[in-house]
Amino acid sequence: MDDLKQKYLSAIADASDEGALEELRLQAVGKKGEVSLKMRELGKMTPEERQTAGPALNALKDEINSALAAKKVALEDAALDARLREEWLDVTLPVRPQRQGSIHPVSQVWEECTTIFGDMGFAVAEGPQVETTWYNFDALNIPDHHPARAEMDTFYMHRAEGDERPQNVLRTHTSPVQIRSMQAQGAPIRTISPGRVYRADYDQTHTPMFHQVEGLAIDKDISMANLKWVLEEFFSAYFGTKVKTRFRASHFPFTEPSAEVDIQCSWENGTVKVGEGDGWLEVLGSGMVHPHVLKAGGVDPAEWQGFAFGMGIDRIAMLKYGIPDLRAFFDSDLRWLRHYGFASLQVPTLRGGI
Ligand code: 2NL
């Protein structure tokens, strides 16, 4: 019996996991286990033998059971210790870098424009980027021979050999949207049309795609005085400071008279500040809508008149944020974002930053 005890106690002590332990329990004290079989032999013993063997077997069974229970607890503790060693977290580690999106500055300025003009009572209209030459040119009093129609300035859509339908273009301004608004709702009208426009041009101050917001106000007695007020109100709201404007006579086919508008600014060691100083910066074109254009929009020029203006969203975004080169917007958005130290770019990345 001592052999049995030695055998099982040392086997239990050596058991490496709960499975092995259960195996040992069955071998020793299970129904057909060695100790149980021995207990069954008690019946064949003499009463004297049974008197010593009975309590001894019970004691052995108890001892093995408590060794099994103790070992089970020890194995569980060891397993927990191992897990704790494996699964610990260093809460002092810096957080993992997270990629964070942000609204593109051009989109932000676009949004600001619609909000400011919206507050002044202008509706917002959008329209197709692929336009007919009628909406893009003819309706705007741009004659056939006008240089703006030339291949080098305008992106003409591909047309299959023998296709005689009028050629479509990528719109060169958002004026077609204004024409469509006039046709759809007639006069009076106050609307702005922000959007993407396209011209075959690429240098320090021109990109083939850029963003424009045009404005149109037509009523019985709209004048350039109203235009001046609207623009000064807009620029003051946009730049957050009172901004004076200066109108210079100009020429556009779609307005008569026409004016280029400058805003007040100062130049200090190469940086422009809007709304102060005695310098001027050209920011937009404008004028009184040409009677031909009113007619194209289905509005009677004998009864109605109005102003229109067109300004570059990218350009006024650059002015507000101090971007020197328009190409920064499009060559690489990252370059532009980095210029402003946008939060997402301060975080180290797997690519080693940009
Ligand atoms: C510029 C010049 C301008 C307009 C756009 C316009 C639209 C209609 C009728 C008349 Cl429907 N005019 N738009 C007028 C004057 C100038 O843009 O240099 N923009 C950056």
Side-chain angles (χ1 to χ4, degrees), residues 106 109-110 113 117 122-128 131-132 134-143 146-148 153-154 171-199 201 205-219 222-224 226-228 230-231 234-235 245 247-263 281-301 304-319 326:
V106 167
V109 171
W110 175 320
C113 287
F117 285 117
F122 287 82
V124 179
E126 292 186 38
E131 270 293 2
T132 63
W134 188 85
Y135 276 105
N136 197 74
F137 295 126
D138 300 271
L140 286 149
N141 196 37
I142 300 172
H146 197 278
D153 288 339
T154 307
R171 68 182 181 197
T172 58
H173 38 205
T174 58
S175 320
V177 183
Q178 313 270 44
I179 301 291
R180 290 175 183 278
S181 296
M182 279 193 266
Q183 288 179 330
Q185 64 179 87
I189 190 170
R190 284 142 178 70
T191 185
I192 61 158
S193 49
R196 296 187 153 197
V197 297
Y198 304 84
R199 288 182 201 175
D201 231 346
T205 52
H206 299 89
T207 53
M209 188 280 294
F210 59 104
H211 304 81
Q212 199 193 24
V213 56
E214 285 213 358
L216 178 71
I218 294 169
D219 213 318
I222 296 266
S223 73
M224 289 190 75
N226 302 121
L227 170 64
K228 189 167 166 68
V230 164
L231 292 177
F234 168 77
F235 285 116
T245 61
F247 281 54
R248 278 179 296 104
S250 183
H251 176 266
F252 302 109
F254 26 87
T255 46
E256 182 57 38
S258 303
E260 275 169 333
V261 180
D262 303 336
I263 54 175
L281 196 71
E282 185 187 328
V283 283
L284 60 86
S286 64
M288 296 300 290
V289 180
H290 195 288
H292 290 173
V293 179
L294 290 173
K295 254 188 228 156
V299 171
D300 182 1
W304 305 96
Q305 61 185 41
F307 68 69
F309 62 85
M311 112 179 117
I313 292 179
D314 317 88
R315 182 152 163 67
I316 62 164
M318 289 166 73
L319 277 177
L326 188 58

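Start at 1 and go down the list; that is how both ligands and their atoms are numbered. Just so it is clear, the values below take in all heavy atoms, side chains as well, and ignore hydrogens, waters and symmetry mates.
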Novice: With backbone taken as N, CA, C and O and side chain as the heavy atoms from C-beta onward, which portion of Q212 lies under 4.0 Å from ligand 1: side chain, backbone, both, or neither?
Specialist: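 Side chain only.
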
Novice: How far is atom 4 (C) of ligand 1 from the closest protein heavy atom, and which atom is that?
Specialist: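 The closest one turns out to be F254 CE1, 3.5 Å.
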
Novice: Determine whether I142 and H173 make a side-chain contact, defined as any pair of heavy atoms from C-beta on separated by less than 4.5 Å.
Specialist: yes

Novice: Students often mix this up, so state it plainly: with edges at 30° and 60°, are the rings of F234 and F117 parallel, tilted or perpendicular?
Specialist: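 Because their plane-to-plane angle is under 30°, the rings of F234 and F117 count as parallel.
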
Novice: What atoms in ligand 1 come closer than 4.0 Å to a heavy atom of V293?
Specialist: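 What qualifies from ligand 1 is 9 (C).
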
Novice: Within a distance under 4.0 Å of any heavy atom of F252, pick out the atoms of ligand 1 and give their elements.
Specialist: 2 (C), 15 (C), 16 (C)

Novice: Atom 13 (N) of ligand 1: which protein heavy atom is closest, and how many Å away?
Specialist: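 Here the closest protein heavy atom is E214 OE1, 3.0 Å.
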
Novice: To check you understand the geometry: which heavy-atom pair defines the closest contact between V124 and P194, and what is its length?
Specialist: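 Closest approach of V124 to P194, heavy atoms only: CG1-CD, 3.7 Å.
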
Novice: In the protein, which heavy atom is nearest to atom 11 (Cl) of ligand 1, and how far is it?
Specialist: Q178 CB, 3.3 Å

Novice: Closest non-hydrogen protein atom to atom 1 (C) of ligand 1, residue and atom name please, with distance?
Specialist: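 Answer, as residue, atom name and distance: G310 O, 3.7 Å.
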
Novice: Within 45° of the axis and under 6.0 Å from the centre of the six-membered ring of Y198, does NZ or CZ of R171 qualify?
Specialist: no

Novice: Students should be able to answer this: which protein heavy-atom is nearest to atom 8 (C) of ligand 1, and at what distance?
Specialist: L140 CD2, 3.9 Å

Novice: How about T172 and N136: does a side-chain donor come under 3.5 Å of a side-chain acceptor?
Specialist: yes

Novice: About how many Å separate OG of S193 and CD of E214, when rounded to the nearest 0.5 Å?
Specialist: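 One gets 5.0 Å once the value is rounded to the nearest 0.5 Å.
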
Novice: Heavy-atom contacts with T255 under 4.0 Å: which atoms of ligand 1 show up? List them by number with element.
Specialist: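 This gives 10 (C), 12 (N), 14 (C), 15 (C) as the contact atoms.
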
Novice: Once you measure the plane-to-plane angle for F252 and F254, does it fall in the parallel (<30°), tilted (30-60°) or perpendicular (>60°) bin?
Specialist: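 If you compare the ring of F252 with that of F254, the planes turn out parallel.
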
Novice: Do me a favour and list the nearest non-hydrogen protein atom to atom 12 (N) of ligand 1 with residue, atom name and distance?
Specialist: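 Here the nearest protein heavy atom works out to A308 CB, 3.2 Å.
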
